[in-house]
Amino acid sequence: MGKKLLLEHINVEGIQSLEVYRKMGGYASVEKAIKTMTPDEVVEEVKKSGLRGRGGAGFPTGMKWSFIAKPQGVPRYLVCNADESEPGTFKDRYLMEKIPHSLIEGMITSSYALGANTSYIYIRGEYFYVSRILERAIAEAYAAGWLGKNILGSGYDLDLYVHVGAGAYICGEETALLESLEGKRGNPRIKPPFPAVKGLYGSPTVVNNVETIATVSHIVNMGGEEYAKIGIGRSTGTKLISAGGNINKPGVYEIELGVPVEEFIFSDEYCGGIPNGRKLKACVPGGSSVPILPAHLLLKTAKNESRLMSYESLSDGGFESGSMLGSGGFIVYDDRACIVRSTYNFSHFYRHESCGQCSPCREGTSWMEKILKEIEYGRGTMDDIDLLWDIQGNIEGKTICPLGDAAAWPVAAAIRHFRHEFEYHVKYPEKVKDIKHTPPPMPV
Amino acid sequence: MSSQNTQDKIAFSDEALQLVNSIIKRYPEGKQKSALIPVLHIAQAEFDGWLSPQTMDYVASLLKLKPIEVYEVATFYSMFNLKPAGKCILEVCKTVPCWLNGAEDLVAYLEKKLGIKTGETTADGMFTLRTVECLGSCGTAPMLQCGASYYENLTNEKADALIDKLRVENTRKNYTDII
């Protein structure tokens, strides 16, 4: 068993309540930080921990925090990104639903570090029922003096609110999230200025993912150096992985970064292998935006080393032969899955979720979906495959926010690793007429 | 709360109005526009499950916004209905992890059972069937959302039982319902 931090007490009866959460050592990080540390010392521990943003980008959290501007007389904000919408990802929902106080505690400790007196949790609208759970937890925390005026007699004040969205993947992008929190359409902002300088209401703001914030409490409790000993290399700590698709045991797993991918998929401690005696075909290891990998490149790198669940190992080989850890949305495909249909499905998603601001993304996602639909239903041509490749290349890197890249990469990776399936659809339209057609075997 | 005919009849219940005022207080003074999305959710639940132009104008006046500021937001987010829909909107997740676990079969089953196509509403106004993008329930696929509730690990039998239950309850399901 690897080290558990975030989910250590997940099965404790009543852990949703403040009383039980406290009994299990909850809110210790708030006491330690507020009573014995300066805000800068908290930031320093987070830097030492090597913690990287758990929302998907993997940017060092301590560094992000240190960028926050501190002009006199201007409020600062911490905003938690609970807009979890990356297909394949459901870890934040699990954490908030099962142990809501772990997020509240992290919000208090992190807000203290950043000097924020008002903080928000922006949660996707579909998680309305989870927002109720958080609100109940917040009310408990207020009643017990963990929130509000003069927390622990320190003179530090913090108000914490939950804000629900209304259905828009793009609001997971931090500047779109801030626009949405201001009551506008979720159109990402042009950067710079970054939120750390000009964020919510034009004030310095840090936006962090749920898991990132919940992890801060553990870093404060154990110290940054101790936290950095967990994991492997620059992938320090533990990570929540949302495992789904064709596996025996879908669910959220907390892994110590560095677990071999093969162990993660086949061990009974984690995914428990592929059901119904099927074979592992492919995997999208970090949420829909990251490149899909065929089984042989998933389990071993191009250098024939064992592939590990870490930021570095999953991206080893670049996009030619690697992928990304991303949000930890781990989608497994067995050998019945048609990669063209999967890619068409994703392209529909990105077309639907493009905010429409940048032409390459707005038009490109729509063209890609149309072409993929034609190919999937046996009406495509060989030229269409090249056209698809061309379009994705003309979206990537040409938009204000990363949604363009996120739409392009899955298409590029599917063609790169599974071109034979696209060609099969063009060559044998009769065989793909049924939406449940069997895909061709991988070429040896 | 079904008076949609004339603008002067549109008003939140006292309870909803109280909630709106408490939501506005979550944001700094002068930033009441931040309350727009939460208030639109309340409005949708209060006024028959959709946002009519009159409802949006009412929300605009309540938050001291121009009507266009409300329209442009209401049209951007997928959870706001700009047309009347069934009392129970069945939103089946169809994104890849659910697709890998039979979401297409579930949609086909529901279409057949309800006698409607995806996007349509049953003649009795009870059910609207939709497919939606990833709801963050990939480990419990296939699934659907109806109002505030997630119904997970669905089979045809479970879908039957759910539809029976909703028919018996015969109430509008809103995202804002407390479950």
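In what follows, chains carry the letters A, B, and so on, assigned in the order in which the sequence lines appear, proteins first and then strands, with residues in each chain numbered from 1.
In terms of non-hydrogen atom pairs under 4.5 Å with chain A, the most contact-rich of E152(B), Q32(B), E69(B) is E152(B). The most heavy-atom pairs under 4.5 Å with chain A, out of C138(B), G147(B), P28(B), come from C138(B). For the set S137(B), A141(B), A35(B), the entry with the most heavy-atom pairs within less than 4.5 Å of chain A is S137(B). Annotation: maximal heavy-atom pairing with chain A below 4.5 Å, among T75(B), L63(B), L135(B), L36(B), occurs at L135(B). Each of V96(B), V73(B), I23(B), V70(B) has some count of heavy-atom pairs under 4.5 Å with chain A, and the biggest count is that of V96(B).
Rounded to the nearest 0.5 angstrom, L181(A) CG and K33(B) NZ are separated by 12.5 Å. Summarising the geometry, atom CD1 belonging to I37(B) is positioned 5.0 Å from atom NE2 belonging to H163(A); distances are rounded to the nearest 0.5 Å. Expressed to the nearest 0.5 Å, how far SG of C171(A) lies from OH of Y77(B) amounts to 4.0 Å. Atoms OH and OG, on Y201(A) and S34(B) in that order, are 2.5 Å from each other to the nearest 0.5 Å. Interatomic distance, R341(A) CZ to L100(B) CG, rounded to the nearest 0.5 Å: 11.5 Å. Summarising the geometry, atom CZ belonging to F346(A) is positioned 8.0 Å from atom OG1 belonging to T95(B); distances are rounded to the nearest 0.5 Å.
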- Show the numbers, then the answer: is there a side-chain contact (heavy atoms from CB on, under 4.5 Å) between I179(B) and F128(A)? CA-CA 10 Å; I179(B) 53 168; F128(A) 227 115; over 6 Å; no

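Of all heavy-atom pairs between S78(B) and H352(A), the closest is CB-CE1, 4.5 Å. Across every non-hydrogen atom of C134(B) and S85(A), the tightest pair is CB-O, 4.4 Å. Here the closest non-hydrogen pair linking W99(B) and S342(A) is CZ3-CB, 3.6 Å.
Between Y120(A) and Y27(B), the angle of the ring planes stays under 30°, which puts this pair in the parallel group of the 30/60° scheme.
In this structure, R26(B) contributes its side chain and Y161(A) its backbone to no donor-acceptor pair below 3.5 Å. Without hydrogens or angle criteria, R185(A) side chain to E72(B) main chain gives a donor-acceptor distance under 3.5 Å. Formation of a donor-acceptor pair under 3.5 Å by the N101(B) side chain with backbone atoms of G245(A) is found in this model.
Salt-bridge check for E133(B) with R124(A): failed, with every basic side-chain N at 4.0 Å or more from each acidic carboxylate O.
Contacts of D105(B) with chain A are made by side-chain atoms alone, with heavy-atom separations under 4.5 Å and no backbone atom involved. In this structure, no portion of Y350(A) lies under 4.5 Å from any heavy atom of chain B. Looking at S149(B), there are no atoms closer than 4.5 Å to chain A (heavy atoms on both sides), in backbone or side chain.
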